[in-house]
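Both backbone and side-chain heavy atoms feed into the values below; hydrogens, waters and symmetry mates do not. In what follows, every chain begins at residue 1, and chains take the letters A, B, ... in the order their sequences are listed.
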Amino acid sequence: GAGVSQSPSNKVTEKGKDVELRCDPISGHTALYWYRQSLGQGLEFLIYFQGNSAPDKSGLPSDRFSAERTGGSVSTLTIQRTQQEDSAVYLCASSPGTSQETQYFGPGTRLLVL
Amino acid sequence: QKEVEQNSGPLSVPEGAIASLNCTYSDRGSQSFFWYRQYSGKSPELIMFIYSNGDKEDGRFTAQLNKASQYVSLLIRDSQPSDSATYLCAVGSNYKLTFGKGTLLTVNP
C-alpha cells in the first residue's frame, strides 16, 4: 500500500559529476513519469515509461539526461556531467497505465549542483 | 505547443470565504483535467479530477469544466488556513499531463 518513493531525498553534487536518481512506483502501476520543477516554476515533463519502454522522451533537456526502467518497476534518471542549471526538484509519478488516469507523485529529489 | 495558463496570484481570501481558482488551456483535444495542491517544499497531491463538462463536487471542493471555452476552475468553499498552498491545474491528453505554473492561495485567519 506504499506510495511512490524516491531516493535520495536530497543530493548535493559538484559541477561535472554524474548523479543517479531513483524512483519506485506504486506496486502494479505500469506507467511512470519523470518531471523537473525549478524554483518557482511549474512542472516540466521529462520522460514517460509504459512498462520498460519509453514512448516519449521528448522532455529530456539534453543528451546528458537519460533514464531507464527495469522489471516494469524501478526507474533511474541519470544526469551526466551535471551543470548548475540542473539544480531543481526531480519528481517521479506513476499511474495504473491507461490513458486519462491520475498520476501520483513521489516526494521528489532535491538536486543542488555547486 | 500545448499551454495551460493560471493566474500566478497570490490569491488572498479570509477564512470561511470561497476561493476561486481558474485555468485555461490551449489544446482542444484535451480529455482529462486535474487539480493538484502543492504545499511549500512538498510534492503535488491530487485534489480532484474531472472529465465531462459541468460541475463535480467533493466535500468543500467543486471542479467546473467548460470545454467549449477551454476553461476549468476549482472552487473551495469555507476556506481554511490549511488550504493555503499552490494549486496546480493539469490537463491531460492520452497519457500526458501538461501543468500550469500554479496559483498561490493564502487563506487568512
Side-chain angles (χ1 to χ4, degrees), chain A residues 2-7 9-10 21 23-26 29-51 53-60 69 88-112, chain B residues 1-10 21 23-27 29-53 56 58 61 63 65 67 72 74 85-105:
Chain A
V4 179
S5 60
Q6 293 186 245
S7 62
S9 54
N10 292 281
L21 312 180
C23 172
D24 207 334
I26 293 171
H29 280 193
T30 62
L32 186 148
Y33 306 78
W34 284 98
Y35 294 89
R36 179 168 70 173
Q37 189 173 35
S38 302
L39 189 63
Q41 298 299 308
L43 272 73
E44 176 188 7
F45 168 81
L46 298 178
I47 188 169
Y48 156 66
F49 286 93
Q50 180 61 253
S53 62
D56 189 346
K57 306 179 183 179
S58 63
L60 294 177
R69 190 178 184 195
V89 177
Y90 289 82
L91 290 158
C92 176
S94 72
S95 71
T98 59
S99 64
Q100 301 190 57
E101 285 185 327
T102 302
Q103 295 179 19
Y104 298 91
F105 283 85
T109 294
R110 278 173 177 68
L111 175 65
L112 178 61
Chain B
Q1 184 169 340
K2 299 175 183 177
E3 294 183 345
V4 177
E5 299 288 340
Q6 295 182 254
N7 189 323
S8 62
L21 303 160
C23 173
T24 59
Y25 59 94
S26 63
D27 181 13
S30 300
Q31 302 156 330
S32 53
F33 306 85
F34 302 84
W35 284 98
Y36 285 83
R37 177 175 63 196
Q38 187 173 27
Y39 292 113
S40 181
K42 301 295 186 181
S43 62
E45 58 177 325
L46 179 72
I47 298 294
M48 290 194 69
F49 61 87
I50 186 168
Y51 297 152
S52 303
N53 276 332
K56 180 180 179 182
D58 184 0
F61 299 95
L65 174 62
K67 290 186 179 180
V72 57
L74 180 70
T86 296
Y87 288 78
L88 302 174
C89 173
V91 175
S93 179
N94 296 315
Y95 62 86
K96 196 168 183 176
L97 292 186
T98 302
F99 286 82
K101 292 186 177 181
T103 298
L104 176 62
L105 173 66

Would you mind reporting whether A:Val4 and B:Ser43 have side-chain heavy atoms less than 4.5 Å apart? no
So does A:Tyr104 have more than 12 non-hydrogen atoms from other groups sitting under 6.0 Å from OH? no
Does B:Lys67 have more than 12 heavy atoms from other residues, nucleotides or ligands lying within 6.0 Å of its NZ? yes
Please look at A:Ser58 and chain B and tell me whether the side chain, the backbone, both or neither of the residue comes under 4.5 angstrom of a heavy atom of that chain. side chain
Classify the ring geometry of A:Tyr48 against B:Tyr95: parallel below 30°, tilted from 30° to 60°, perpendicular beyond 60°. parallel
Quick one: what part of A:Gln37 sits under 4.5 Å from any heavy atom of chain B, side chain, backbone, both or neither? side chain
Leading residue by heavy atom contact count with chain A [cutoff under 4.5 Å; candidates B:Ser93, B:Gly102, B:Pro44, B:Ala90]: B:Pro44
Nearest-0.5 Å distance that lies between atom OH in A:Tyr33 and atom CG in B:Leu97: 6.5 Å
Report yes if the side chains of A:Phe45 and B:Lys96 come closer than 4.5 Å at any heavy-atom pair, otherwise no. yes
Where does B:Gln38 contact chain A at under 4.5 Å (heavy atoms): side chain, backbone, both or neither? side chain
How long is the straight-line distance from OH of B:Tyr36 back to CG of A:Leu43, given to the nearest 0.5 Å? 9.5 Å
Distance (rounded to the nearest 0.5 Å) between B:Phe49 CZ and A:Gln103 CD: 13.5 Å
